[in-house]
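The figures here come from the full heavy-atom set of this structure, side chains too, leaving out hydrogens, waters and symmetry mates.
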Amino acid sequence: MATGTEPPATEPEHRGGVRSGTRAAISAPHLRTDRWWLAPAVTAAGLLAFVVYSTWRAFANADYYAAPYVSPFYSPCLAENCEPMRGGPNWELFGSWWGISPAIIILIFPLGFRLTCYYYRKAYYRSFWASPPACAVAEPHATYTGETRFPLILQNVHRYFFYAALLVACVLTWDTVLAFRDENYAWGHMGLGTLVFLANIVLIWAYTLSCHSCRHIVGGKLKHFSKHPVRYRMWQWVGRLNARHMQLAWASLISVAAADFYVYLVASGVFDDPRFF
């Protein structure tokens with residue numbers, strides 16, 4: 001029986017973010033007992049390792065060409081200070097005023113494509129920003145605005161970076177064709193580097209075409225698949241690739257670093273490229 005002397009009811013104290021007054025009053029940060037932190041930690045370590053390596057190689061401005069191989073970080077080479085590559089992608093759009101590494105010019109496009117990629121967003125949102133770090137683990141941020149404000153609203157340019165990534169993939173395909181030459185530019189030869197470049201370009205194309213934007217471009221806005229059988233087949237094929245977008249993202253990230261590192265080893269004289277024929 002209420003007497004009017006009871007203390008007024010107070011709302012339980014909650015932290016910010018998802019722990020609002022409408023959620024259950026659980027004192028523990030979460031109820032997970034497994035190693036939920038392992039996946040975001042491994043992801044952060046892998047991405048950080050690539051960032052450190054690619055930054056070093058991009059600013060090194062050396063050991064990126066050993067005929068007939070050119071590092072994918074430096075292709076196409078758009079500055080006047082590039083090493084001359086016979087038959088290679090030497091397009092001197094930036095004159096003598098460009099003094100730093102030419103890799104900085106071209107890496108903007110594949111880097112922008114990967115940074116705005118749907119999978120990579122998930123990867124670094126969870127690993128670096130803890131937004132959220134794992135399922136059923138609340139993020140530490142007091143508010144959530146998603147990708148509606150600067151700078152995350154820039155993620156919407158992903159479709160345009162996709163077009164740029166297609167052009168870069170075409171250039172890397174030509175680099176792979178040129179890898180069927182020897183050090184004297186004679187055709188009809190194949191070395192270990194050729195196989196490295198072949199594996200890399202296959203993974204680059206698979207990752208690029210498995211993009212969600214590619215799937216939408218191929219089959220989006222169609223009301224009747226039966227009236228567009230070719231686009232429907234392409235949409236199905238891209239959809240199968242898209243189901244493995246995460247695996248292709250990691251595989252292509254490793255392969256492009258491996259291709260660059262192989263060129264670095266050959267160009268710096270660590271070993272000679274083994275030739276099969």
Side-chain angles (χ1 to χ4, degrees), residues 39-40 42-43 46-47 50 54 72-73 75-76 89 105-129 131-132 134-135 144-177 196-259:
V42 171
T43 300
L47 293 177
F50 180 81
S54 59
F73 289 175
S75 184
I105 305 172
I106 194 60
L107 281 179
I108 295 173
F109 301 104
L111 182 62
F113 177 60
R114 288 184 183 265
L115 282 177
T116 57
C117 165
Y118 288 109
Y119 167 70
Y120 280 112
R121 293 187 211 181
K122 169 188 171 182
Y124 61 77
Y125 282 3
R126 290 188 174 185
S127 58
F128 289 102
W129 294 353
S131 180
C135 294
Y144 176 75
T145 58
E147 296 173 347
T148 61
R149 297 181 182 178
F150 184 84
L152 296 185
I153 196 173
L154 297 178
Q155 303 281 27
N156 294 316
V157 301
H158 177 62
R159 71 191 69 179
Y160 304 108
F161 276 120
F162 167 72
Y163 299 134
L166 286 178
L167 295 176
V168 173
C170 289
V171 173
L172 296 183
T173 302
W174 176 241
D175 292 341
T176 304
V177 173
V196 173
F197 273 53
L198 278 172
N200 178 56
I201 196 57
V202 168
L203 291 172
I204 289 292
W205 273 114
Y207 165 66
T208 304
L209 296 180
S210 69
C211 169
H212 294 75
S213 292
C214 179
R215 190 167 184 259
H216 176 74
I217 292 170
V218 170
K221 296 184 178 181
L222 292 181
K223 295 182 179 179
H224 305 284
F225 278 129
S226 59
K227 295 182 179 180
H228 304 274
V230 175
R231 291 184 63 184
Y232 177 58
R233 291 291 184 184
M234 294 175 62
W235 179 81
Q236 286 183 313
W237 182 72
V238 173
R240 286 193 289 270
L241 284 177
N242 182 258
R244 293 169 174 78
H245 197 48
M246 179 185 73
Q247 294 89 336
L248 292 172
W250 278 107
S252 60
L253 193 72
I254 294 172
S255 71
V256 73

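Considering only heavy atoms from C-beta on, F161 stays 4.5 Å or farther from V168 through its side chain. Side chains of C211 and F113 form a contact here, defined as non-hydrogen atoms less than 4.5 Å apart. Inter-residue side-chain proximity for W237 and L209 is flagged as met; some heavy-atom pair is nearer than 4.5 Å. Residues V230 and R233 have side chains not in contact (no heavy-atom distance under 4.5 Å, counting atoms from C-beta outward).
Between T208 and L166, the closest heavy-atom pair is CG2-CD2, 3.8 Å. Minimum heavy-atom separation, L154 to V157: O-CG2, 2.9 Å. Closest of all the heavy-atom pairs between H245 and C117 is NE2-SG, 3.2 Å. Residues D175 and F197 approach most closely at O-CD2, 4.2 Å, considering heavy atoms. In plain terms, the two heavy atoms of L47 and A123 that are nearest each other are CD1-CB, 4.2 Å. Here the closest heavy-atom approach between residue G112 and residue T116 is recorded as O-OG1, 2.8 Å.
Looking at N200, its side chain never comes within 3.5 Å of a backbone N or O of A259 through a donor-acceptor pair. At distances below 3.5 Å, at least one donor-acceptor pair connects side-chain atoms of R231 with backbone N or O atoms of I217.
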| Worked verdict on L172 versus S75 for side chain to side chain contact (heavy atoms under 4.5 Å, CB included) | CA-CA 7 Å; L172 296 183; S75 184; 4.2 Å; yes
| Stepwise side chain to side chain contact (heavy atoms under 4.5 Å, CB included) test for R126 and T43 | CA-CA 9 Å; R126 290 188 174 185; T43 300; over 6 Å; no
| field | T173 and W205: CA distance, side-chain angles, deciding distance, side-chain hydrogen bond (donor to acceptor under 3.5 Å, both in side chains) verdict | value | CA-CA 9 Å; T173 302; W205 273 114; 2.7 Å; yes
| request: Apply side chain to side chain contact (heavy atoms under 4.5 Å, CB included) to the pair S210 and R240, showing each step before the final yes or no. | output: CA-CA 8 Å; S210 69; R240 286 193 289 270; over 6 Å; no
| Step-by-step side-chain hydrogen bond (donor to acceptor under 3.5 Å, both in side chains) determination, Q247 to Y207 | CA-CA 9 Å; Q247 294 89 336; Y207 165 66; over 6 Å; no
| task | Would you sort out whether I254 and F50 count as a side chain to side chain contact (heavy atoms under 4.5 Å, CB included), showing the intermediate values? | result | CA-CA 8 Å; I254 294 172; F50 180 81; over 6 Å; no
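Taking the ring axis of Y118 as reference, the NZ or CZ atom of R121 stays within 45° of it and closer than 6.0 Å to the ring centre. The cationic group of R114 does not satisfy the cation-pi geometry with Y119, failing either the under 6.0 Å distance to the six-membered ring centre or the 45° limit from the ring axis.
Within a 6.0 Å radius of CZ in F225, more than 12 heavy atoms belonging to other residues, nucleotides or ligands are found.
L248 CG to L253 CG: the interatomic distance, rounded to the nearest 0.5 Å, is 12.0 Å. To the nearest 0.5 Å, atoms CD1 (I201) and OG (S252) are separated by 10.5 Å. In this structure, S54 OG and L111 CG are separated by 7.5 Å, a value rounded to the nearest 0.5 Å. For the atom pair CG of N156 and CD of E147, the computed distance is 6.5 Å after rounding to the nearest 0.5 Å. One distance of note links NZ of K223 with NE2 of H228; it measures 10.5 Å at 0.5 Å rounding.
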